There are 2 protein chains.
Amino acid sequence: MREALKEAQKALDKDEIPIGAIIVANDKIIARAHNLTETLNDVTAHAEMQAITSAANYIGGKYLLDCTLYVTIEPCHMCAGALAWSQISKIVYGASETKKGFSLLNQGILHPKTEVVKGVLADDCEKILKDFFAKRRK
Amino acid sequence: MREALKEAQKALDKDEIPIGAIIVANDKIIARAHNLTETLNDVTAHAEMQAITSAANYIGGKYLLDCTLYVTIEPCHMCAGALAWSQISKIVYGASETKKGFSLLNQGILHPKTEVVKGVLADDCEKILKDFFAKRRK
């Protein structure tokens with residue numbers, strides 16, 4: 001999660017909403033990404049989406065079996081839907097997303113085999129985001 | 001929708017699941033896309049996702065206000081989530097997606113201002129998909 005936080009910091013440096021993600025397979029980081037929605041003018045450029053594309057490119061196949069996503073904030077519906085298609089083995093996230101987080105849906109949209117772990121370094125993951133919005137509102 | 005069906009045909013020609021999408025603004029097609037998940041080895045390469053990215057690129061902004069998406073099949077959770085972020089004005093789809101369609105969720109995930117029209121050329125949109133899977137199973 002510390003590596004995902006480094007990615008969030010990279011987003012912050014670009015004045016993007018600071019969310020970062022990495023994907024690990026066999027104890028190795030195979031994808032790193034951070035939110036680039038402003039830079040790319042593209043609502044689909046969330047950290048998780050880019051990490052999925054990048055990891056699939058590394059693997060040479062579109063399914064992320066035996067892969068773990070670490071992301072600083074709980075994935076939204078779009079990213080959860082993408083993660084479902086990828087059949088990723090495990091998702092570890094930091095802070096919860098209390099408005100658009102996938103866990104707010106009453107029905108599961110992830111792949112049934114995907115394991116979910118939440119709350120890892122949640123305070124750090126939330127702080128970088130809160131500080132960003134606090135500054136923006138000034 | 002006939003233009004979206006042409007895009008679905010392009011996907012079929014590449015042995016991709018035949019789903020096509022276009023985005024219209026001011027009576028002009030500003031984006032065309034078809035499913036490329038196999039070609040790009042990427043589960044996020046749905047027709048709608050590419051159309052969103054392409055339309056935002058055309059507009060030079062990430063919000064698709066006053067735009068209409070025409071897509072041959074009902075969008076999945078991922079695409080619906082992306083469409084929600086885009087704040088697109090209208091979604092018109094052909095055939096319903098009875099397993100992963102966004103309308104199967106009990107909670108709305110689209111932007112509250114997005115209008116949805118379904119069933120346009122539904123038979124044609126479904127037929128190209130059914131024929132594809134029927135051939136695959138042979």
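Worth saying up front: this structure is predicted, and the values here are computed from it rather than measured. Below, chains carry the letters A, B, ... as their sequence lines are ordered, and counting in each starts from 1.
Looking only at heavy-atom pairs under 4.5 Å with chain A, the residue among B/L64, B/L105, B/I59 that has the most is B/L105. Of the listed residues B/A55, B/A45, B/G60, the one with more heavy-atom pairs under 4.5 angstrom with chain A than any other is B/G60. Looking only at heavy-atom pairs under 4.5 Å with chain B, the residue among A/L40, A/N57, A/V43 that has the most is A/V43.
For the pair A/K127 and A/D131, the salt-bridge criterion is met [side-chain N within less than 4.0 Å of a carboxylate O].
Here the CZ atom belonging to A/F133 is positioned 13.5 Å from the NZ atom belonging to A/K135, to the nearest 0.5 angstrom. From A/S89, atom OG reaches atom CG of A/L69 across 11.5 Å, with rounding to the nearest 0.5 Å. B/C125 contributes atom SG, which lies 12.5 Å from atom OH of B/Y70 (distance to the nearest 0.5 angstrom). To the nearest 0.5 Å, the span separating SG on B/C79 from CD1 on B/I73 amounts to 12.0 Å. In this structure, the separation between CG on A/D123 and NZ on A/K130 is 9.0 Å, given to the nearest 0.5 Å. Distance check, rounded to the nearest 0.5 Å: NZ of A/K113 to CG of A/L65 gives 8.5 Å.
Contact annotation: the side chain of A/H111 never approaches that of A/I88 to less than 4.5 Å [non-hydrogen atoms, C-beta and beyond]. Here the side chains of B/F132 and B/D15 are in contact, with some heavy-atom distance below 4.5 Å. Side-chain atoms of B/T44 and A/T44, non-hydrogen and from C-beta on, never get closer than 4.5 Å to each other.
Near-neighbour residues of residues 1-10 of chain A relative to chain B, defined by a heavy atom under 4.5 Å from a heavy atom of that chain, are none. Among residues 46-54 of chain A, the residues having any heavy atom closer than 4.5 Å to a heavy atom of chain B are, in sequence order, A/H46, A/M49, A/I52, A/T53. Taking 4.5 Å as the heavy-atom cut-off, the residues of residues 22-39 of chain A that approach chain B are A/T37, A/E38, ordered by number. For a heavy-atom cut-off of 4.5 Å, chain B lies close to A/K100, A/L104 in residues 90-104 of chain A.
With a threshold of 4.5 angstrom between heavy atoms, B/A82 approaches chain A through its backbone and through its side chain.
Across every non-hydrogen atom of A/I109 and A/A80, the tightest pair is CD1-CB, 3.7 Å. Of all heavy-atom pairs between B/P18 and B/T72, the closest is O-OG1, 4.3 Å.
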Show the numbers, then the answer: is there a side-chain contact (heavy atoms from CB on, under 4.5 Å) between A/I128 and A/L12?
CA-CA 8 Å; A/I128 189 170; A/L12 187 66; 4.1 Å; yes
